[in-house]
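Let me begin by presenting the structure, written as structure tokens, before commenting on it.
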Amino acid sequence: MSPETPTSSAPTGLAPDPREYRRRLEREGDEQIDAWAMELMRDVSIRRGVRQVISEFMRAGRLDQAGLERVFTAGGGPIATLGRTADGDPMVPAIQLFFLVPGLRRTTDDARDRLIDFLVSGFHELSFV
């Protein structure tokens with residue numbers, strides 16, 4: 001199904017375009033937003049790699065590298081597992097990406113908005129999942 005194809009999947013949050021998707025997400029509860037953000041991280045890490053997830057999460061979360069470390073550890077991620085790529089970019093094990101969601105909630109007042117931004121940034125990924 002392409003992103004342009006309208007769906008009747010309101011319970012899943014899917015929508016025909018990113019703007020409608022954002023509107024639907026804004027009506028969802030925090031628990032659902034968090035679950036979908038963690039699922040998107042998992043799915044994108046499988047398809048495109050952990051580095052892509054981290055990059056998109058940092059952009060949507062408005063985080064620099066120090067901010068990512070703070071969010072990761074605040075969410076329960078062990079600092080010893082946060083590393084760097086050969087290029088100096090932050091890297092965490094794929095199975096620990098989920099720590100970013102509760103960490104963002106604990107460290108920012110507008111985490112919900114940032115998580116929705118992350119989900120909307122992955123809108124086109126939904127057509128492949």
Side-chain angles (χ1 to χ4, degrees):
M1 171 183 347
S2 74
E4 295 79 30
T5 305
T7 67
S8 60
S9 342
T12 65
L14 297 179
D17 61 64
R19 282 195 296 231
E20 177 60 23
Y21 184 51
R22 179 180 296 280
R23 283 190 290 274
R24 291 180 186 189
L25 288 171
E26 288 170 351
R27 293 191 300 257
E28 293 293 335
D30 288 350
E31 189 173 306
Q32 185 63 68
I33 296 297
D34 293 0
W36 281 335
M38 288 183 231
E39 288 174 10
L40 181 61
M41 288 178 182
R42 180 199 63 222
D43 294 343
V44 172
S45 71
I46 291 167
R47 285 193 62 254
R48 297 180 55 212
V50 173
R51 291 176 70 180
Q52 188 66 38
V53 173
I54 292 171
S55 174
E56 291 175 14
F57 188 83
M58 288 176 67
R59 187 173 22 264
R62 297 183 291 284
L63 300 169
D64 58 12
Q65 289 186 12
L68 183 76
E69 290 178 12
R70 185 174 50 257
V71 164
F72 181 71
T73 57
I79 192 67
T81 63
L82 193 135
R84 302 255 178 245
T85 66
D87 296 329
D89 296 324
M91 179 60 98
V92 301
I95 61 170
Q96 294 181 345
L97 286 168
F98 73 91
F99 286 125
L100 296 170
V101 173
L104 192 65
R105 291 270 185 198
R106 290 185 183 118
T107 59
T108 63
D109 293 333
D110 63 343
R112 177 183 172 80
D113 294 335
R114 295 179 192 207
L115 289 169
I116 288 173
D117 288 348
F118 175 67
L119 287 165
V120 172
S121 77
F123 175 80
H124 294 288
E125 293 289 330
L126 298 174
S127 63
F128 295 101
V129 181

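Computed from a predicted model, the values in this text were never measured in an experiment.
Sparse packing is recorded around CD1 of Ile95, with 12 or fewer heavy atoms of other residues, nucleotides or ligands lying under 6.0 Å away. Around atom CZ of Arg19, no more than 12 heavy atoms belonging to other residues, nucleotides or ligands sit under 6.0 Å away. Atom CG of Asp64 sits in a crowded spot, with more than 12 heavy atoms from other residues, nucleotides or ligands closer than 6.0 Å.
For the atom pair Met91 CE and Thr81 OG1, the distance stands at 12.0 Å (nearest 0.5 Å). In this structure, the separation between CZ on Arg105 and CD1 on Ile33 is 7.5 Å, given to the nearest 0.5 Å. The CZ atom of Arg112 sits 5.0 Å away from the CG atom of Asp30 when rounded to the nearest 0.5 Å.
Glu56 is linked by a side-chain hydrogen bond (donor to acceptor under 3.5 Å, both in side chains) to Arg48, Gln52, counting only residues two or more places apart in sequence or in another chain.
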Residues 116-123, side-chain donor-acceptor partners within the protein, below 3.5 Å, at least two apart:
from: Asp117; atom 1: OD1; to: Arg22; atom 2: NH1; distance (Å): 2.8
from: Asp117; atom 1: OD1; to: Arg22; atom 2: NH2; distance (Å): 3.2
from: Asp117; atom 1: OD2; to: Arg62; atom 2: NH1; distance (Å): 3.3
from: Ser121; atom 1: OG; to: Phe118; atom 2: O; distance (Å): 2.6

Listed pairs under 3.5 Å, donor-acceptor, residues 66-77 side chains, sequence neighbours left out:
from: Glu69; atom 1: OE2; to: Arg84; atom 2: NH2; distance (Å): 2.4
from: Thr73; atom 1: OG1; to: Glu69; atom 2: O; distance (Å): 3.1
from: Thr73; atom 1: OG1; to: Arg70; atom 2: O; distance (Å): 3.2

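With respect to the salt-bridge test (charged N to carboxylate O, under 4.0 angstrom), the residues Glu39 and Arg42 do not qualify. Under 4.0 Å is where a charged nitrogen must lie from a carboxylate oxygen, and between Asp43 and Arg47 no such pair does. Remark: Arg24 does not engage Glu28 in a salt bridge, criterion side-chain N to carboxylate O under 4.0 Å.
In this structure the side chain of Ile54 reaches within 4.5 angstrom of the side chain of Leu97, judged on heavy atoms.
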